[in-house]
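Down below is the structure, laid out as C-alpha cells.
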Amino acid sequence: MNKKYVYLFKEGNASMRNLLGGKGANLCEMTVLGFPVPQGFTISTEACTKYYDDGGKISQEIIDEIFEKLAETEKIAGKKFGDPENPFLVSVRSGARASMPGMMDTILNLGLTDEIVEKFKERTNPRFAYDSYRRFIQMFSDVVMEVPKHNFEVIIDEVKTAKGITNDLDLTADDLKELIVKFKAYFKKVKGFDFPNDPKVQLIESVEAVFRSWNNPRANVYRRMNDIPSSWGTAVNIQAMVFGNMGDNSGTGVAFTRNPSTGEKKLYGEYLINAQGEDVVAGIRTPAPISHLEDEMPEVYKQFVDIATKLEEHYKDMQDMEFTIQEGKLYMLQTRNGKRTAAAALKIAVDLVAEGMVSKEDAILKVDPKQLDSLLHPQFDTAALKAAKPITKGLPASPGAACGKVCFSAEDAMKSAGEGNKVVLVRLETSPEDIEGMNASEGILTARGGMTSHAAVVARGMGTCCVAGCGELKINYAEKYFTVGDVKINEGDYISLDGSTGNVYAGKIATVEATMTGDFGKFMGWADEIRTLKVRTNADTPRDAQQARSFGAEGIGLCRTEHMFFETDRIRSVREMILSENVESREKALAKILPMQKGDFEGLFRVMKGLPVTIRLLDPPLHEFLPNTEEELVELSKEMNVSVDTLKQKCADLHEFNPMMGHRGCRLAVTYPEIARMQTRAIIEAAITVGGDLVPEIMIPLVGDINELKYVKEVVVSTADEVIKNAGVNMTYKVGTMIEIPRAAVTADEIAKEAEFFSFGTNDLTQMTYGFSRDDAGKFLEDYYSKKIFESDPFARLDQNGVGKLVKMAAKLGRETRPDIKLGICGEHGGDPSSVEFCHFAGLNYVSCSPFRVPIARLAAAQARVSEIKGEKNLGQK
Ligand code: PEP
Ligand code: MG
C-alpha cells in the first residue's frame, strides 16, 4: 500500500501534530469534538519533506491523493470544485508543528475563475462575488507568484481616486469587476503570462508555494531564532471556505480565552463585521472588541463562549481561536495554544495550577525560558513616567518599557542596532519580512492594526514592547519623520513606549530594575523544587554577583579575574608587571595588585554568603592589557617613565599570530608562576578574612595535559597551604580545572587525578573542536545558515553531537577516576535552554551563566527534569 500523505480532518487528532502540523492537528481535534469546523484535509509534513527530497516537486502520487480527498470533501460540502453551477471554494493555509509567522500566509477563495465568478454572483450577490475574486487574485499573486500585494493596493487606490471614494466598502460590484480586469492585466504585464484560470492548477501551485515558504529567508531566520529544525517541514491545510463578508450578519474575528498580554482570565479578542480574516490581521480596518458581539449577535456570542470554554478545558491551556460567522452561523477556523507575553505566561501557569487544571510539572512546561528575559530588564521609573506627558496613545499590544532612536524601516533598524544604538521601529504596519528588524528593536510602534495585528502578535512572541494602532501617527517614510499633531519626530530622535498602557512619549524616560515577585517568584519556586541541576553565575564583580543572587544564582561558577585587571586603579600596576624584565620587579608589581584582588574576592565571598565560588586564574594573553594605539603608548610611556620604543618592543615581543591558541591560560602560570601565586594568596586571604564555611574553588584554565595541571596545581597548593598555615586557621579549598581543550576531554580520566572539579569551558571547547575562531566565525557563519550547513550558532547552542560528545565523554572518564568530582559548565551555553537540557541529561552538577540568564537556566533545568520524570528522555551518563 502506498504511504498516506493526505488526511481528512475527521481522520486525525491533536496527537498527530508532528505529522499534520499544529493547525491541521487541531482542526482534526475540533472536528472529533463535534465543533462547527468547515471540513477539509491536511497534506502532511512528510509530503513537504518529500517535496524537498524530490528536488522541489510534488509527486504525482501526492497530487492524486489530494484530489481524492478533495472529492470526499466536496461530498461533505455538497459542492464541486471548479463547477460554475455550484462551486466549491477553499482556503489554503500553511501549518507547521510550531506556529511560524515567517511563513506563507493564507490564500482564500481558491476555486474562482472568470467563468465561475459570473455564476457565483448569481447564487450570492455580485459585489460579494467580485470582491471575493479580486481578493483571491491579489493573494494568489502575492504568495504564489511573488507579485507583491501592495502593488494591487496601488491599483485599488487609483480606482478609488478616479471614483472619488475613500473607503473600500464604497466600491461597487462594477468597480470591483473593473479592478479584476486591471489586476489581471497588471499580472500579465509583470509575469509575462496570463493569470492561471484552472482551479486545479491554482490548488497545486498554492500547495507548492506553502512548501516553498518553509524555506524562505524569513522562515529560516525565525527557525534559527526559535530553535526549530528545518527537517520538520510544514503541513498544508485545505479547508472549505466560509464567508465573513456576506453582509452585516457575517463577520470574522480572533479571540483568546485569556488576555495574552496580562494573563487575565477573560475572553479577549476582536472581530470585524462583513470582513474576511485577512482584514483583521492586516490591520486595515480597526476591529471591535469581542464583548460587543454579545450585543450584535447574542446567540452566536453564547455559542462561541461555550466553545472557547470547552476548548480551554480540553487543551488545558489558553487558546487562540479564529472564527468566521457566515450569515449568522458560527464556524471555528483554528485553535491553538496562544502566544503570550512572559507576564501573561506566568500568570496563566500559576492560575491553571490554582484552578486545578494542570499539575505544577505541567505548568513548568508552559513557559518558554527565553521569554523570562523580558521580565528581568528595567521598567520605566514610576515617578519619571508620571512626570512625562504622552504625545499620543495606541493599543498596549505587548508590555514592557522601550526607549530608543526612531527608525522607519526594518533594514534601518537592523543597521542602527548593529551600530550599538537602541532603536524603536515605527511603521504604518509590519509584515513578516520585517521580522529581523523587529527583533533588533527595543520597541515597535505602528499606526495601524489591532491587538492581533502582525506587529502585536510577533512582538508578544519576542517579548518586545509594542504599541499598535496608534491612529494619530502621520508617518512620512520618504522624508523619515512622523508627526502627532504639532509634534514632529525625526529619524534618530529618541522616543519612549509604554507597552502596558500604549502611551508614546517624546524623548527618554528613566528606568528602574525589575524585581522577581508575585507570580514570577511563585513559579520560579516550583521550578527550583523540581530541578536537580544547580544554577550558578558567571560574575566578576560583587555588583554582578548581587544581581545574580537576586535572580536565584546558587554560587559563582566562573569569576574571570582578568576583568578586574582592567579597573582604572590597577591597570597601571598590571602593565608594570607585564613590562617587568625580571621576577623581582614582576613580584613588586604583583604585590601592588594583591590587596586589590583580595578586596575583589572578599566582595564576591560576602555577596555569595557561603555558596560555592569558583575563581579562575588569569586566562588571556598578556598583550590584551597593553595599549594598542600610538597615542595610548605615548601616554603610557610618560606615565611609566619608559621610552615609547621600549614599549613598542615589548608589544612586538608579546605579539602572537594566533593569540587564542597562544600564551594564555595555564601556560601563563607555567612561565610566570608568581602571577598564580599572587592570585592564590589573594583568594585564600580573602576567604580567611570573610570566614564562615567558605570553601574557595581555584580553577586552572586551558589545561590540555595532566602535567600542565600538576605543575600549576603545585604552585597553587604550596601557596595556599602556606597562607593557611601562617594564618593558623583550619580551612579547605578545592583545586580544579576547566575542560576547554579537546585533549583535556579525551584524557579526562588522567586529569581527574589532579582535579577536584571540572568546569566545561564550552566557548573554547567549541572553538578548538571545530577549529573556528570564536572572534571571527560570525563573519562566515551567516553563509553556513543560508546554505543550510548549520541551523544554529554552535557558540550559542551547544553542538551536542560533537562538542557535547566530548563533554559526555569527559564527564564519564572524570567520574571513573573520581566518583565525587563536581562537574559544571561555564561557557555561554550554560544559559541556553537547549544546552541546559543537554547538561541535565549529561549528568552535570551545575550550569553557570551570566546573571540575566540565571532564571532562564533555572526554568530550563526544571523543564529538563520534568521531561525526565515524564519519561520523554532518558538520563545519559549520570
Ligand atoms: C570558555 O572557554 O568556555 C570559558 C568560559 O572561558 P572564556 O570564555 O573566558 O575563554
Ligand atoms: Mg576559555
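Values reported hereafter were calculated over all heavy atoms of this structure, with side chains retained and with hydrogens, waters and symmetry mates removed. Whatever order the structure lists them in is the order used to number ligands and atoms, beginning at 1. Numbering starts at 1 and runs along the sequence shown.
Here the N, O or S atom of E740 that is nearest to the Mg ion (ligand 2) is OE1.
Below 4.0 Å from some heavy atom of L558 lie the following atoms of ligand 1, by number and element: 5 (C). The distance from ligand 1 to the heavy atoms of C826 drops below 4.0 Å at these ligand atoms: 5 (C). Listed by number with element, the atoms of ligand 1 under 4.0 angstrom from any heavy atom of R664 are 10 (O). The atoms of ligand 1 that sit less than 4.0 Å from any heavy atom of M738 are 4 (C), 5 (C), 6 (O).
K812 and E816 are joined by a salt bridge, as a carboxylate oxygen and a charged side-chain nitrogen come within less than 4.0 angstrom of each other.
For the pair S230/K788, a side-chain contact is recorded, criterion being any heavy-atom separation below 4.5 Å from C-beta on. Contact annotation: the side chain of L558 never approaches that of T614 to less than 4.5 Å [non-hydrogen atoms, C-beta and beyond].
Both the sub-6.0 Å distance and the 45° axial angle are not jointly satisfied by R774 relative to the ring of F795.
Looking at L765 against ligand 1, nothing comes within 4.0 Å, counting heavy atoms. Contact annotation for N763 and ligand 1: heavy atoms of both the backbone and the side chain come within less than 4.0 Å of the ligand.
Checked by distance only, ligand 1 and G761 come closer than 3.5 Å through their nitrogen or oxygen atoms. On a distance-only criterion, R560 and ligand 1 share at least one N/O pair closer than 3.5 Å.
Checked by atom type, the side-chain pair D764/T766 shows no donor-acceptor distance below 3.5 Å.
M524 and P855 get closest at one heavy-atom pair: CE-O, 3.3 Å.
Residue contacts to the Mg ion (ligand 2): D764 brings an N, O or S atom closer than 2.8 Å.
Contact analysis leaves M699 out of contact with ligand 1, as no non-hydrogen atom separation drops below 4.0 angstrom. The shell of residues lying under 4.0 angstrom from ligand 1, judged by heavy atoms, includes R774.
Enclosure of atom NZ in K650 by more than 12 non-hydrogen atoms of other residues, nucleotides or ligands within 6.0 angstrom is indicated.
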(message) Assess the residue pair Y770 and F790 against the criterion (ring-ring contact (aromatic ring centres under 6.0 Å, His included)); give the C-alpha distance rounded to whole Å, side-chain angles, the decisive distance to 0.1 Å, and a yes or no.
(response) CA-CA 12 Å; Y770 267 117; F790 280 7; 5.4 Å; yes
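Between E697 and the choices K822, R616, K734, the salt bridge (Lys or Arg N to Asp or Glu O under 4.0 Å) rule is met once, by K822.
The shortest contact between atom 6 (O) of ligand 1 and any protein heavy atom is with R616 NH1, 3.0 Å.
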